[in-house]
Number of protein chains: 4
Amino acid sequence: MLPNTEHDGQSRSFIEEARRAQIVTAAVETIAEVGYHRASMGRIGARAGISRGLISYHFAGKSELIAQVVTTVYTDVAAFMTPMIDAETTYAGELRAYIRSNLEYMRAHPARMVALVEILTSGGLADLPEADPDAFDRQLREPLEQLFEAGQASGEFRDFDVTVMARIVRGVIDAVPTALSRDPDLDIDCHLREITTALDLATRPVPSTPEQT
Amino acid sequence: MLPNTEHDGQSRSFIEEARRAQIVTAAVETIAEVGYHRASMGRIGARAGISRGLISYHFAGKSELIAQVVTTVYTDVAAFMTPMIDAETTYAGELRAYIRSNLEYMRAHPARMVALVEILTSGGLADLPEADPDAFDRQLREPLEQLFEAGQASGEFRDFDVTVMARIVRGVIDAVPTALSRDPDLDIDCHLREITTALDLATRPVPSTPEQT
Amino acid sequence: MLPNTEHDGQSRSFIEEARRAQIVTAAVETIAEVGYHRASMGRIGARAGISRGLISYHFAGKSELIAQVVTTVYTDVAAFMTPMIDAETTYAGELRAYIRSNLEYMRAHPARMVALVEILTSGGLADLPEADPDAFDRQLREPLEQLFEAGQASGEFRDFDVTVMARIVRGVIDAVPTALSRDPDLDIDCHLREITTALDLATRPVPSTPEQT
Amino acid sequence: MLPNTEHDGQSRSFIEEARRAQIVTAAVETIAEVGYHRASMGRIGARAGISRGLISYHFAGKSELIAQVVTTVYTDVAAFMTPMIDAETTYAGELRAYIRSNLEYMRAHPARMVALVEILTSGGLADLPEADPDAFDRQLREPLEQLFEAGQASGEFRDFDVTVMARIVRGVIDAVPTALSRDPDLDIDCHLREITTALDLATRPVPSTPEQT
DNA sequence: CATGAATGAGACTTCATTCAT
DNA sequence: CATGAATGAAGTCTCATTCAT
């Protein structure tokens, strides 16, 4: 689904991987700083301290570079979040850990998160000929949907449409990087607390009190 | 020299207004379809069936066109939502009406909403010299913040940070156009129902048996 | 040589002549104010308070309009200068009158003069397909050359190359509008006095004092 | 990103300098041939045998290219004239050397001189954001004004307004490139002789028999 | 007579990409 | 491996000109 990290199945030399990583880092920082559609290859190269041509040498094109950025950040986020989620013993706890770990990642690597959201919301994926935005969407929602289904079965969550609730959660979380990019001093703790509480209330079983019209 | 720089909406000819409206419509559709940064004046003109030059004839530049699109859609959305919200008698009802009217507007004019979100998230506002993204953000959150403050005072809402909750609401709602642009057959009723319920639960006062960790 | 003032030999209606004169005036003022290459038909029309189209209706194209401006101003200058020159009784007096009348015209109609020089120095003539810059040059020098030849024959002027001296005189005079366009408060009296003296000394017979090496 | 914005003439590669020089030369020739406002980057590139984009690669924009042309030619002219002027021992001699060296430069590099005058008279400087036409004017007149003041103090020149006389001298000299561009076979020797004599007569002290009206 | 809508050419600039060195 | 020169496409904007009303 996502572009391969390996070229023709052959592993890359150490120096090549280092260069690619350096370029990806420069791309992340550039996109986070000036926005996706102003992050030209020239600007990315300038930030990395290398020439335009070298980027083209290491990446088949801008598409591949952007795809690599997405893959790298996404993989990194997952590697950061997964253990924190798995450490939980309840589904509600997992949801809270999902939110917490995601926002903690933003605090630790704001540029990566801002860049990722920039790419996803600025049509960066549309520039990838082979990438399927739908598939990417689904891939993002899937862990949440499974979490919700399991939690509903166990009675920890009330009965709701898991797909829509997954979109709700992603929507709430994805709004943070945007706010973060506009105000770097954003109070993440406050957001973490409020978002966790709000989504906890939105997903927990409703007490027997009659619902308001 | 050009009509648009002289009068500010006061005395444009009928035919000019019609053309401007047509161009704005074409811009909306184009942006919704191919994304903001691929919606060139050429493509917009092609969709409108007119030449590139004619757009420049009616709009001082791309900036003015985009600004007009934002203004038009935003005004239209507000005109659609306001009466529905004002018809409510409770703050919780107003929040539900806010969500409902916003999503109903999306159902009625999906392209407009997609285009608006595209512009706002793709740095389109950054291309407008005078526009302040922060100010626009605040403008979007303000009605919600005021609604929440009033509702908290009346006891209809629990105690939460109104700014963060406003961002949550906008985040949830703004995720819909993106989903809508990827799946035009999206079940809006389902989303409406689920989002309304979720945000209702997230904002209403918590019953006396707290179970939060 | 110069573009015809009449169209196909047929005389124009009164109203048409009035419009043409109005447009020429607007063109003169526009060129004097913003320079030749920024004086678009649109700007000229705006200053005249009429539409772009109307200019095209009255003039075959921008070329004809510019040609008309040149012709009009040149004719006007000549009509102003000729009587003042003819009133003189000596050739040296005629030269002084030539300079004086030319600078007095600049004082009376600075815009016209600035516009004319703008056109001549900004390649405006090159835009006229049929106009021959050489011929125009010759036409400007001819009266001076004849004046010099007559004055040399009568002994009022020393022996010099009349063509070069004509270029010198035009060069000195043509430098004034440029200075005038940069400083509208230029002291024309001072320039008139100094230029007259300088050219008088440059053309009068040299006393028997041995020339300096 | 672009080499030219970073270092100011300090560390450009040899090949880059060569290209820049080639482009400047092509610009000079193009401007001299078709005039300033018709010398598009396309035409300049065509004459240099390179693509439009390459000019943008080496120069930040047309402004910088034109500025470079002005600087190059102006520096070159000064380097050519200064030693010839400094070799003189009298102020009158310096004035003659000023004229002579300037016209000799025109003979050696007619295109450069024509191009420079084209730019200066066609509003080319107005296209340069930072350039102040007034300052440039003053810069051109200043050496002459100082020369005149010194010469007047020493009694080699008569009493006249040094600013106006400087304008006279520049006006006379600047008329030559225009004539040269219309007739490449212009007799420069003749112009040199006549102009030198005329300005010599115009500035030297007047013998005791004034006959001015 | 006059307008203003409309077109299309041309200009400057940015950028991804290719390639010789 | 790496550079930087070079290209060409695409985009925005200006402008002279045409034409229906």
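Here is how names work: the chains are called A, B, and so on, in the same order as the sequence lines, proteins then strands, and each is numbered from 1. From a predicted model like this one, the values you see are computed outputs, not experimental measurements.
- An OP1 or OP2 oxygen of F:dC15 is reached within less than 4.0 angstrom by a side-chain nitrogen or oxygen of C:Arg43.
- Phosphate contact (OP1/OP2 of F:dA6, side-chain N/O of D:His58, threshold under 4.0 Å): present.
- The B:Ser51 side chain lies nearest to E:dT7 when the options are E:dA2, E:dT7, E:dA5.
- The separation between C:His37 atom NE2 and E:dA11 atom C1' is 12 Å, rounded to whole Å.
- Electrostatic pairing of C:Arg38 and C:Glu33 does not count as a salt bridge here, judged by no charged N lying under 4.0 Å from a carboxylate O.
- The distance from atom CZ of B:Phe14 to atom C1' of E:dG4 is 15 Å, rounded to the nearest whole Å.
- Phosphate contact (OP1/OP2 of E:dT14, side-chain N/O of A:Ser40, threshold under 4.0 Å): absent.
- Annotation: D:Arg52, atom CZ; neighbour count of heavy atoms from other residues, nucleotides and ligands within 6.0 Å does not exceed 12.
- The side chain of B:Ser56 has F:dC13 as its nearest neighbour among F:dA6, F:dA2, F:dC13.
- Using a 4.0 Å cut-off, some side-chain N or O of B:Arg19 falls inside it from OP1 or OP2 of E:dA6.
- Look at D:Tyr57 and you'll find a side-chain N or O under 4.0 angstrom from OP1 or OP2 of F:dA5.
- Residue B:Met41 has its side chain nearest to F:dT12 when only F:dT17, E:dT17, F:dT12 are considered.
- In this structure, C:Leu54 atom CG and E:dC1 atom C1' are separated by 8 Å, rounded to whole Å.
- Residue D:Arg52 places no side-chain N or O under 4.0 Å from the OP1 or OP2 atom of F:dA9.
- A 4.5 Å side-chain heavy-atom check between C:Leu65 and C:Ile44 finds at least one atom pair inside the cut-off.
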